[in-house]
There are 2 protein chains.
Amino acid sequence: MARDAERTKKRLLEAAAAEFAALGIAGARVDRIAHSAGCNKAMIYAYFGNKDQLFDAVFTQLVAATVERAPFDAADLAAYAGRLFDRYEADPATVRLSTWYRLERPQGVSLQAVVASNKSKLEKIERAQREGLVPAHYAPVELLTLVIATAGAWASVNPELGSDAPADRERRRVVVVDAVRRLLGTPEDPGPT
Amino acid sequence: MARDAERTKKRLLEAAAAEFAALGIAGARVDRIAHSAGCNKAMIYAYFGNKDQLFDAVFTQLVAATVERAPFDAADLAAYAGRLFDRYEADPATVRLSTWYRLERPQGVSLQAVVASNKSKLEKIERAQREGLVPAHYAPVELLTLVIATAGAWASVNPELGSDAPADRERRRVVVVDAVRRLLGTPEDPGPT
DNA sequence: GTCTGTCAACTGACTGGTTAGTTGTCTGGG
DNA sequence: CCCAGACAACTAACCAGTCAGTTGACAGAC
């Protein structure tokens, strides 16, 4: 029952995800991760190398999970934004981890999983634009950037504003999806003007 | 020339802003801030109390500077987004500091400057909506959240995507302003549909 | 069945270096 | 003379990473 390397690695990854999401790389404590995973600190070094590499392992897994839970669909970017929003709401650690990654990982270091995921999305958008499924007033990178920013808008705004925000998750979701439709120039509700 | 408390405080604030922007609260080193301000660590404790309070001082000043440099105009949110974008581009530390603040300051702690600034903006949007200057398909908080998220879209997206982005700042600015126009339902270019 | 050798999984204790925060003293301007 | 501004030196805690050694599972010999 005990002595199961895979199980230990998994517990370590979960504990690390929680610690890193809460405190970032610099704020995370290796001892605390090991303790809350119920094992010894040395296991982290045996399995993952060091603190930074442990973070990378956590983040790579997170990217994979997000790609799976919120599959990309260039032909319906509004629905994709909705799924991304759902993912962020279901697991707030996702946004935080992703933000820490942006702030704390030195420039120039790119994770393969992230690069591949982006490249694939950009190609799909470009194809959809050529096929006329997506309007072409924005370039693929521009569109993807706006869609991602919109889906994470509630999570990327200062907390003081968040406290004024509608507690109603469903309403926030509607706003996100509708906003992307408007960006695409195909609003469901054309609005007063 | 020496012995000038105000001058020392200012140097300390500048050095702290750079350090915090680069490394966050947990990653910043008090010794390094003092050294790059050309004075002693004890001065930080004499003038600001402790590390967290030093961060708050830096951030409060940043909020004031941003409000001044990017004055809010509820009647023309697209132009406001453009100004915010300019501010972020001119001083990238702004976005980073603001992000660190969101991640590292414990929930429940609110800076007066931030709360006041938000409240004022929300009231202005509400008034503009009542006067018919701004469409009302989104509530004030929703609109403000989307506008801020859009202005910071390029800065809040993972770096791997940024490297594919157009280096052309002017084009990114056009996209931001145009996106906000679309959100408001009054696009300059109505698009293919 | 049980004894024994082997190896991966695991651990407690340690280290070298770092860090936030403090204190007692000095200095120069008024 | 006096006191705010400045600092070197200090402390107590902390922390990433290491290491010598232990434990448990299991395979093959008998």
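Chain naming here is simple, since letters A, B, ... match the order of the sequence lines and numbering starts at 1 in each. Side-chain atoms are counted along with the backbone in the values below, which use heavy atoms only and exclude waters and symmetry mates.
- Per the geometry, CE belonging to A:Met43 stands 12 Å off C1' belonging to C:dG12, to the nearest Å.
- Of the candidates A:Arg96, A:Lys51, A:Arg32, A:Arg32 is the only one forming a salt bridge (Lys or Arg N to Asp or Glu O under 4.0 Å) with A:Glu19.
- C:dG21 atom C1' lies 13 Å from atom CD of B:Gln53, rounded to whole Å.
- Across all strands, A:Ala28 comes closer than 4.0 Å only to sugar-phosphate atoms, never to a base (heavy-atom distances).
- Across C:dT11, D:dC15, D:dG5, the shortest atom-to-atom separation from the side chain of B:Tyr47 is found for D:dG5.
- Mapping A:Asn40 and A:Arg32 onto DNA chain D by nearest heavy atom places A:Arg32 at the nucleotide closer to the 5' end.
- Across every non-hydrogen atom of B:Gln129 and B:Tyr138, the tightest pair is NE2-O, 2.8 Å.
- The NE2-C1' distance, from A:His35 to C:dC10, rounds to 16 Å in whole Å.
- Between B:Thr8 and D:dG5 there is no side-chain N or O to OP1 or OP2 distance below 4.0 Å.
- The CG-C1' distance, from B:Leu12 to C:dG21, rounds to 15 Å in whole Å.
- Distance, B:Arg29 CZ to D:dC14 C1': 11 Å, rounded to whole Å.
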Worksheet item: Between B:Val177 and B:Arg181, is a side-chain contact (heavy atoms from CB on, under 4.5 Å) present by the stated rule, with each step listed?
Response: CA-CA 6 Å; B:Val177 175; B:Arg181 284 215 189 89; 3.8 Å; yes
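- Side-chain N/O atoms of A:Lys51 and base N/O atoms of D:dG17 include no donor-acceptor pair closer than 3.5 Å.
- Counting to the nearest Å, the P atom of D:dA6 and the CD1 atom of B:Ile44 are 13 Å from each other.
- Looking at the side chain of B:Lys41, the nearest of the listed nucleotides C:dA9, D:dG17, C:dG21 is C:dG21.
- Atom pair B:Asp31:CG and C:dT22:P shows a separation of 14 Å (rounding to whole Å applied).
- Classification of the B:Tyr101-B:Phe55 ring pair by plane angle, with boundaries at 30° and 60°, yields parallel.
- Between A:Glu6 atom CD and C:dC10 atom C1' the separation is 15 Å, expressed in whole Å.
- Side-chain contact between B:Leu103 and B:Ile25: absent, with no pair of heavy atoms (C-beta onward) separated by less than 4.5 Å.
- The residue among A:Tyr45 and A:Ala42 whose nearest nucleotide of DNA chain D is located toward the 5' end is A:Tyr45.
- Of the two residues near DNA chain C, B:Ala26 and A:Arg11, the one whose nearest nucleotide lies more 5' is A:Arg11.
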